[in-house]
Amino acid sequence: MPDLLSVAAARETVLSVVKPLTATTLPLDKSIHLVLAEEIHSTGDSPPFSKAMVDGYAVGDANLGEGEILQVTQEIFAGAVSHTPLLAGQCARIMTGAPIPTGTAAVVMHERTRPVDLTANAEKLANASFSGDQPHTIQLLESTKAGQNILKKGAAISAGQSLLQPGQPLSPACIGLLADQGITTVAVHPRPTVAILSTGDELVPIGQEPVGAQIRNSNSHLLQAAIHIAGGEPRVIGIARDNLPELRQKITLGLNADILLLSGGVSAGLLDLVPQVLQELGVRKVFHKIRLKPGKPLWFGVYEPENQIAPEITRTRTLVFGLPGNPVSSGVCCELFVKLAIAALRGLYVEKAISTQPALLANDFIHRGDRPTYFPARLEKRGAHIWAMPLKSAGSADLLAYALAEGLIAFPAGDKEYFPGDNVEVLPLF
């Protein structure tokens, strides 16, 4: 089949026509898992002041010895600021996160001190210069070192420092970082909207009991879940029957999303009318059919303003994927191509190559055919290796095998018998 694109070439072609969605500014708390479209710089030092890292005592001398006795002259809690500097022989009881007073050289952990009786140490304390009341005294149980248990101002982040780059997904930690800097809004790429339309006279909603040759519309739900996991916003249109008027009406509706996924109607049957309708509506075909099993009938195209025919379509650009009707074929094509397009629209950097992992085959397997096959398998980590166990599968309509799979084994084209321990590549699912 020299005229069919390889999986690698098809992925490269999809990426070549995908552009990240135009950035929008959103409140920080509405931006979780979205992708930054701007560089973020710090608004100030972090921490904004030098602070204690432990509950204990701030001391003014850098090199005090074990057994040293100090007078406690003040207490400092988180959120409070001391305006009284430490003098020789003094210390301040301080809580974690509180700003250290002027003159602090180190902070000693509370557990490394003990209280002592003031009257029993009057001679020791007589040589020290004190101010104010003398609530109690402590004795050090360890020597001190300059800077111990102190987090210096700006130690984590300095003012004006570059924090995050465009293309960075905003994790909960990123949200916390920006909140710490007082950043309330960010420029991000929005989640792409993905319209999902299943086609076929045989389909009924999943809550309806099929009769005769009818089947439930499982593909719509499979794709909706996959799109949600990939970071898109699924919009389920429903079912279009195999007639031109209904296909035109519902495909037109779907072209008002960033991506339109069509399930079924793209093969070579008499009622595979989807390519015809797409052409009539001005969708430019990029490719149709690829060297893949399952998923050979995949159709991909782009709707753009210069091709606009239907005035009801207000979207400036829509990517269109015509997926095969069999559920496993539809799912595999979604994993290999639709998720790739969603990631690129979201502003993520994505590799053209498929992110497979090396594994060892756990069972005998015979591959037949001139197309590379993505076969459902269980994956198991044993020591340093991943072992892949091909599942019993009845083919591209076997949803049970696909549901039990933790990954897909990528068998190259060609007839070959595989044995336990042979090296294979696997594409983990989810």
Side-chain angles (χ1 to χ4, degrees), residues 1-14 17 194-203 215 217-220 222-223 226-227 237 239-244 247-248 250-251 254-255 259-281 283-303 318-341 354 367-376 393-399 401-402 408 410-411 413 427:
M1 297 183 215
D3 56 322
L4 296 187
L5 285 178
S6 67
V7 170
R11 283 172 61 89
E12 185 171 351
T13 302
V14 169
V17 300
V194 183
I196 301 170
L197 176 62
S198 297
T199 70
D201 290 338
E202 74 279 15
L203 299 178
I215 58 173
N217 178 23
S218 61
N219 282 9
S220 177
L222 183 158
L223 294 171
I227 296 315
I237 297 175
I239 300 169
R241 301 305 171 191
D242 291 323
N243 64 77
L244 293 174
L247 282 169
R248 286 194 195 97
K250 291 189 174 178
I251 288 176
L255 287 173
I259 297 177
L260 169 59
L261 297 187
L262 294 147
S263 175
V266 293
S267 191
L270 290 176
L271 295 181
D272 288 324
L273 305 173
V274 167
Q276 175 185 336
V277 175
L278 291 172
Q279 182 179 6
E280 291 174 359
L281 290 173
V283 180
R284 173 175 59 88
K285 182 180 76 172
V286 178
F287 63 75
H288 186 194
K289 298 184 180 179
I290 58 173
R291 191 187 298 274
L292 171 66
K293 183 181 178 181
K296 176 185 174 183
L298 178 69
W299 193 100
F300 175 64
V302 183
Y303 177 84
T318 302
L319 304 176
V320 180
F321 290 90
L323 308 178
N326 279 323
V328 180
S329 300
S330 195
V332 169
C333 286
C334 186
E335 289 292 326
L336 294 176
F337 305 102
V338 179
K339 286 187 175 182
L340 179 78
I354 301 171
H367 180 263
R368 295 281 185 264
D370 57 0
R371 284 176 285 156
T373 299
Y374 285 78
F375 200 87
S393 174
S396 59
D398 191 342
L399 260 178
Y402 193 52
L408 301 170
F411 290 110
L427 174 65

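What's counted below: heavy atoms across the whole structure, side chains too, no hydrogens, waters or symmetry copies. In this text, all values refer to a predicted model and were calculated from it rather than measured experimentally.
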How about [X] and [Y]: do any of their side-chain heavy atoms sit closer than 4.5 Å?
{"X": "Val274", "Y": "Trp299", "value": "no"}
{"X": "Ile354", "Y": "Tyr374", "value": "yes"}
{"X": "Arg291", "Y": "Pro372", "value": "yes"}
{"X": "Val302", "Y": "Val283", "value": "no"}
{"X": "Val320", "Y": "Val286", "value": "no"}
{"X": "Gln276", "Y": "Leu244", "value": "yes"}
{"X": "Ile196", "Y": "Leu262", "value": "no"}

Can you tell me how far apart [atom1] ([X]) and [atom2] ([Y]) are? Round to the nearest 0.5 Å.
{"X": "Leu197", "Y": "Ser220", "atom1": "CG", "atom2": "OG", "result": "8.5 Å"}
{"X": "Ser267", "Y": "Leu298", "atom1": "OG", "atom2": "CG", "result": "11.5 Å"}
{"X": "Glu202", "Y": "Arg241", "atom1": "CD", "atom2": "CZ", "result": "8.0 Å"}
{"X": "Arg11", "Y": "Leu5", "atom1": "CZ", "atom2": "CG", "result": "13.5 Å"}
{"X": "Phe337", "Y": "Phe300", "atom1": "CZ", "atom2": "CZ", "result": "10.5 Å"}

Quick check: closest heavy atoms across [X] and [Y], and the distance to 0.1 Å?
{"X": "Thr199", "Y": "Gly265", "result": "OG1-N, 3.6 Å"}
{"X": "Gly295", "Y": "Ile290", "result": "O-CG1, 3.9 Å"}
{"X": "Leu292", "Y": "Arg371", "result": "O-NH1, 2.8 Å"}
{"X": "Ile227", "Y": "Leu261", "result": "CD1-CD1, 3.9 Å"}
{"X": "Val266", "Y": "Leu323", "result": "CG2-O, 3.7 Å"}
{"X": "Leu247", "Y": "Ala240", "result": "CD2-CB, 3.8 Å"}

Original post:
Does atom NZ of Lys250 have more than 12 heavy-atom neighbours from other groups under 6.0 Å away?
Top reply: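 Above 12, so yes.
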**OP:** Tell me, with the steps shown, if His367 and Thr373 meet side-chain contact (heavy atoms from CB on, under 4.5 Å).
**Re:** CA-CA 8 Å; His367 180 263; Thr373 299; 2.8 Å; yes
Give the table of side-chain donor-acceptor pairs shorter than 3.5 Å for residues 324-335, with sequence neighbours excluded, one pair per line with atom names and distance.
unit_1, atom_1, unit_2, atom_2, d
Asn326, ND2, Ser396, OG, 3.0
Glu335, OE1, Lys339, NZ, 3.3
Glu335, OE2, Lys339, NZ, 2.8

Original post:
Can Leu408 and Phe375 be said to form a side-chain contact (heavy atoms from CB on, under 4.5 Å), step by step?
Top reply: CA-CA 5 Å; Leu408 301 170; Phe375 200 87; over 6 Å; no
**OP:** Decide side-chain contact (heavy atoms from CB on, under 4.5 Å) for Leu278 and Ile251; before the verdict, give the C-alpha distance in whole Å, the side-chain angles of both, and the deciding distance to 0.1 Å.
**Re:** CA-CA 8 Å; Leu278 291 172; Ile251 288 176; 3.8 Å; yes
Subject >> Donor on one side chain, acceptor on other, Asn219 and Ser198, under 3.5 Å >> reply: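 Side-chain D/A pair, Asn219 to Ser198: absent.
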Original post:
Would Leu336 and Leu427 count as a side-chain contact (heavy atoms from CB on, under 4.5 Å) if you check the C-alpha gap in whole Å, the side-chain angles of each, and the deciding distance to 0.1 Å?
Top reply: CA-CA 9 Å; Leu336 294 176; Leu427 174 65; 3.7 Å; yes
